[in-house]
Amino acid sequence: MPDEPAEPEQPAADPAAIMAAVDFDAFYQGKPPVKGLEMDLGAPPWVIGEPQPALVGLESTGAFRGEVLDAGCGTGDNALFLAARGHRVTGVDASPTALKQARISARDRKADVAFVESDATRLDELASGRFGSVLDMGLYHGLTDEQRDAYARALHRVTRPGAGLHLFATAAVPGPGIPVPPPLRRESFRERLGAHWQIRLIRLTRCTTAMTRESMLGARDLIAALGGPDPDDMEYDGRGRATAPFWYVHAARL
């Protein structure tokens, strides 16, 4: 009797295709973010319930000047931190659910922060030449190249000459990191931002996720299918949260 044919290997998941299919509003609602793909990650991994430690350190250097735009503000933790530090802040996001949570937090803290629903590649709701600083804590790396070009133009329109862009994005470097969104090469920022922004600094840092070793073990098969690291190889902060390599990019508006 002939041998039964072997089961075909399941193709590895494509991080870029997954990013294109993510329903971020569903993610903020606690629903599966990608139809047809089993992902039990709970809340979005970037929602840590407090400002990113990397941002806290950056703000202490006096990096933010003028009115601040938080592009891709999500649930507002970073925007509310900046407001508490005395900055005038507007946060924009495309997710109504995230913005609702942000507005509730602002009300509870009596914080004067405007949260605006907007497509970051257009920013049609915002006036030209308004902002002196931009924070992007993890929006840019979720865009396609075409969207990054449009985003760079939109940010240029709503900022003042010389405004500072402070951008954090997943870094393509040796060692364990986050497979989704696909990590970026250092050179890619000049390729996509250079027409509107003068890159002044690109350096490695680390950003914190809400994922612990235990939660990563629960998603181990998916992480492996994406080409991600073994949970035991990741770095964790003092509270047991996984951290990952990110680029910090500082650019000035041309």
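We're numbering straight along the sequence, starting at 1.
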### Task
State which residues pass ring-ring contact (aromatic ring centres under 6.0 Å, His included) with Tyr151; sequence neighbours excluded, sorted by chain then number.
none
At what distance, to the nearest 0.5 angstrom, does [atom1] of [X] lie from [atom2] of [Y]?
X: Tyr248; Y: Phe168; atom1: OH; atom2: CZ; result: 6.0 Å
X: Leu69; Y: Ser133; atom1: CG; atom2: OG; result: 10.0 Å
X: His166; Y: His250; atom1: NE2; atom2: NE2; result: 4.5 Å
X: Thr97; Y: Gln101; atom1: OG1; atom2: CD; result: 7.0 Å
X: Gln52; Y: Leu135; atom1: CD; atom2: CG; result: 10.0 Å
X: Thr205; Y: Phe246; atom1: OG1; atom2: CZ; result: 9.5 Å

### Message
Enumerate the side chain to side chain donor-acceptor pair (under 3.5 Å) contacts for residues 70-82, please, sequence neighbours excluded, ordered by first and then second residue.
### Response
none
Donor-acceptor pairs are to be reported for all side-chain atoms of residues 175-189 against protein atoms at under 3.5 Å, with residues two or more places apart or in another chain.
{"residue": "Arg185", "atom": "NH2", "partner": "Glu191", "partner atom": "OE1", "Å": "3.3"}
{"residue": "Arg186", "atom": "NH1", "partner": "Ile202", "partner atom": "O", "Å": "2.9"}
{"residue": "Ser188", "atom": "OG", "partner": "Arg185", "partner atom": "O", "Å": "2.7"}

#### Entry: Pair Arg88 + Asp112: basic N to acidic O under 4.0 Å
no
Side chain to side chain donor-acceptor pair (under 3.5 Å) with [X]: which residues, sequence neighbours excluded?
X: Ser95; result: Asp25
X: Arg241; result: Glu50, Asp237
X: Asp221; result: none
X: Asp145; result: Arg148

### Pair Ser128-Arg157, side chain to side chain donor-acceptor pair (under 3.5 Å): steps then yes or no
CA-CA 5 Å; Ser128 298; Arg157 180 184 65 79; 3.0 Å; yes
### Message
Strictly by salt bridge (Lys or Arg N to Asp or Glu O under 4.0 Å), give each pair with a member in residues 128-142 just once, sequence neighbours left out.
### Response
Glu67-Arg130
Is the shortest heavy-atom distance from the side chain of [X] to the side chain of [Y] under 4.5 Å?
X: Val68; Y: Thr90; value: no
X: Cys207; Y: Trp247; value: no
X: Phe115; Y: Asp93; value: no
X: Thr243; Y: Tyr236; value: no

### Residues forming a side-chain contact (heavy atoms from CB on, under 4.5 Å) with Asp149, sequence neighbours excluded
Arg153, Arg192
### Message
I'd like to know whether CZ of Arg220 has more than 12 heavy-atom contacts from other residues, nucleotides or ligands below 6.0 angstrom.
### Response
yes
### Query
Any side-chain donor paired with an acceptor under 3.5 Å for Arg253 and Thr159?
yes
### Query
So, Gln147 versus Thr121: side-chain donor-acceptor pair below 3.5 Å or not?
no
Compile the donor-acceptor pairs under 3.5 Å between side chains in residues 53-60 and protein atoms, sequence neighbours left out, one pair per line.
{"residue": "Glu59", "atom": "OE1", "partner": "Arg85", "partner atom": "NE", "Å": "2.9"}
{"residue": "Glu59", "atom": "OE2", "partner": "His87", "partner atom": "NE2", "Å": "2.9"}
{"residue": "Ser60", "atom": "OG", "partner": "Gly57", "partner atom": "O", "Å": "2.6"}

### Task
May I have the step-by-step check of side chain to side chain contact (heavy atoms under 4.5 Å, CB included) for Cys73 and Leu99, ending in yes or no?
CA-CA 8 Å; Cys73 64; Leu99 292 171; 3.8 Å; yes
### Task
Examine Arg160 relative to Phe131 and say whether NZ or CZ is less than 6.0 Å from the centre of the six-membered ring and inside a 45° cone about the ring axis.
no
### Query
For the residue pair Phe27 and Trp46, does the interplanar ring angle fall in the parallel (under 30°), tilted (30 to 60°) or perpendicular (over 60°) class?
perpendicular
### Task
Kindly write out the residues that satisfy salt bridge (Lys or Arg N to Asp or Glu O under 4.0 Å) with Arg203, not counting sequence neighbours, or none if the list is empty.
none
#### Entry: Pairing residues for Asp124 by the salt bridge (Lys or Arg N to Asp or Glu O under 4.0 Å) criterion, not counting sequence neighbours
Arg122
